[in-house]
Amino acid sequence: MTTRLLLISDTHIPGRARRLPDEVLREADAADLIVHAGDWVAASVLDDLATHGDVLGVYGNNDGDDLRAVLPEVARREVDGVRIAVVHETGQKQRREERMDAAYSDADLLVFGHSHIPWDTTSPRGMRLLNPGSPTDRRRQPAHTFMTVELADGGIRSVRLHRI
């Protein structure tokens, strides 16, 4: 059995876009779990995504009290034997993998956001670190992005970066 995850972050709605792109919503409908790594900005984004499927999310530094009241700073869930942690900020990129190994020693997959820069690395102990970038605010990146992940047999089968 395969479980499909949609990873998004830093949607910054309505500041950077009025709504989520159609590509993201199609993937949300196809996903078994939607993971959002913070900076939703509007609580309506959470409400919208929840109509498409199960959502695991955290608040980011640009999220207000309304989102902080319903979302944690760090979220955790085990899915098909893969221990997932989600957080908005991980600090600077230098030595990120080593720092996150120490901070999330109980996770197999860490999903994070904040930088709007897609990231896919593996820590020294084997934890996968993924930042899907942003589907609505590319900043200095060449494209808006999000990720899909397939889990199977207690591990990560595939990771795909989507460019919009």
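Heads up: numbering here begins at 1 and tracks the sequence. Here the structure is a predicted model, which is why all the values come from computation and not from measurement.
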>> Going by ring pair (Phe, Tyr, Trp, His ring centres under 6.0 Å), name the residues that satisfy it together with His144, two or more places apart in sequence or in a different chain.
In response: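 Not a single residue meets the ring pair (Phe, Tyr, Trp, His ring centres under 6.0 Å) criterion with His144.
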> Can you name the residues that form a ring pair (Phe, Tyr, Trp, His ring centres under 6.0 Å) with Phe146, not counting sequence neighbours?
Replying inline: His162
Spell out, as yes or no, whether a donor-acceptor pair under 3.5 Å connects the side chain of [X] to the backbone of [Y].
X	Y	result
Arg139	Ile117	no
Thr136	Thr11	yes
Arg83	Asp106	yes
Arg160	Met147	no
His36	Gly57	no
Asn131	Gly113	yes
Arg95	Glu98	no

Minimum heavy-atom separation for [X] to [Y], with atom names?
X	Y	result
Pro135	Pro21	O-CG, 3.4 Å
Pro14	Val41	CD-CG1, 4.4 Å
Val87	Ala37	O-CB, 3.9 Å
Arg99	Gly91	NH2-C, 3.6 Å

> Around Arg16, counting heavy atoms of other residues, nucleotides and ligands shown, do more than 12 lie under 6.0 Å from its CZ?
Replying inline: no
> Is there a side chain to side chain contact (heavy atoms under 4.5 Å, CB included) between Ile13 and Arg18 once you walk through the steps?
Replying inline: CA-CA 6 Å; Ile13 292 174; Arg18 292 257 185 245; over 6 Å; no
Would you check if there is a donor-acceptor pair between the side chains of [Y] and [X] at a distance under 3.5 Å?
X	Y	answer
His114	Asp10	no
Thr145	Arg163	no
His52	Asp29	yes

Between [X] and [Y], is there a shared hydrophobic cluster once you connect ILVMFWY residues whose side-chain heavy atoms come closer than 4.5 Å?
X	Y	result
Trp119	Val86	no
Val111	Met100	no
Leu151	Met1	no
Leu46	Leu49	yes
Val45	Leu67	yes

Quick check: do [X] and [Y] have side-chain heavy atoms less than 4.5 Å from each other?
X	Y	answer
Trp40	His12	no
Glu97	Thr122	no
Leu7	Val149	yes
His88	Asp39	yes
Leu33	Leu6	no
Val74	Tyr104	yes
Phe112	Leu129	yes
Val35	Val55	no

Looking at [atom1] of [X] and [atom2] of [Y], how far apart are the two atoms once the value is rounded to the nearest 0.5 Å?
X	Y	atom1	atom2	answer
Leu130	Leu109	CG	CG	5.5 Å
Leu110	Met127	CG	CE	5.0 Å
Leu56	Leu5	CG	CG	9.0 Å
Thr148	Leu161	OG1	CG	9.0 Å
Ile34	Asp48	CD1	CG	9.0 Å

>> Asp153: which residues meet the salt bridge (charged side-chain N to carboxylate O under 4.0 Å, His left out) condition with it, sequence neighbours left out?
In response: none
> Sequence neighbours excluded, which residues qualify as side-chain hydrogen bond (donor to acceptor under 3.5 Å, both in side chains) partners of Arg26?
Replying inline: none
>> Test of understanding: with side-chain hydrogen bond (donor to acceptor under 3.5 Å, both in side chains), list the residues that count as partners of Asp101, not counting sequence neighbours.
In response: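 So Asp101 forms a side-chain hydrogen bond (donor to acceptor under 3.5 Å, both in side chains) with Ser123, Arg125.
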>> Using side-chain hydrogen bond (donor to acceptor under 3.5 Å, both in side chains), reason through Arg157 and Thr2 one step at a time and then give a plain yes or no.
In response: CA-CA 8 Å; Arg157 177 184 285 178; Thr2 301; 3.0 Å; yes
> Pairs in or reaching into residues 52-75: which pass salt bridge (charged side-chain N to carboxylate O under 4.0 Å, His left out), with residues at least two apart or in two chains?
Replying inline: Asp54-Arg77
> Out of Thr121, Asp108, Asp120, which residue meets the side chain to side chain donor-acceptor pair (under 3.5 Å) rule with Arg128?
Replying inline: Asp120
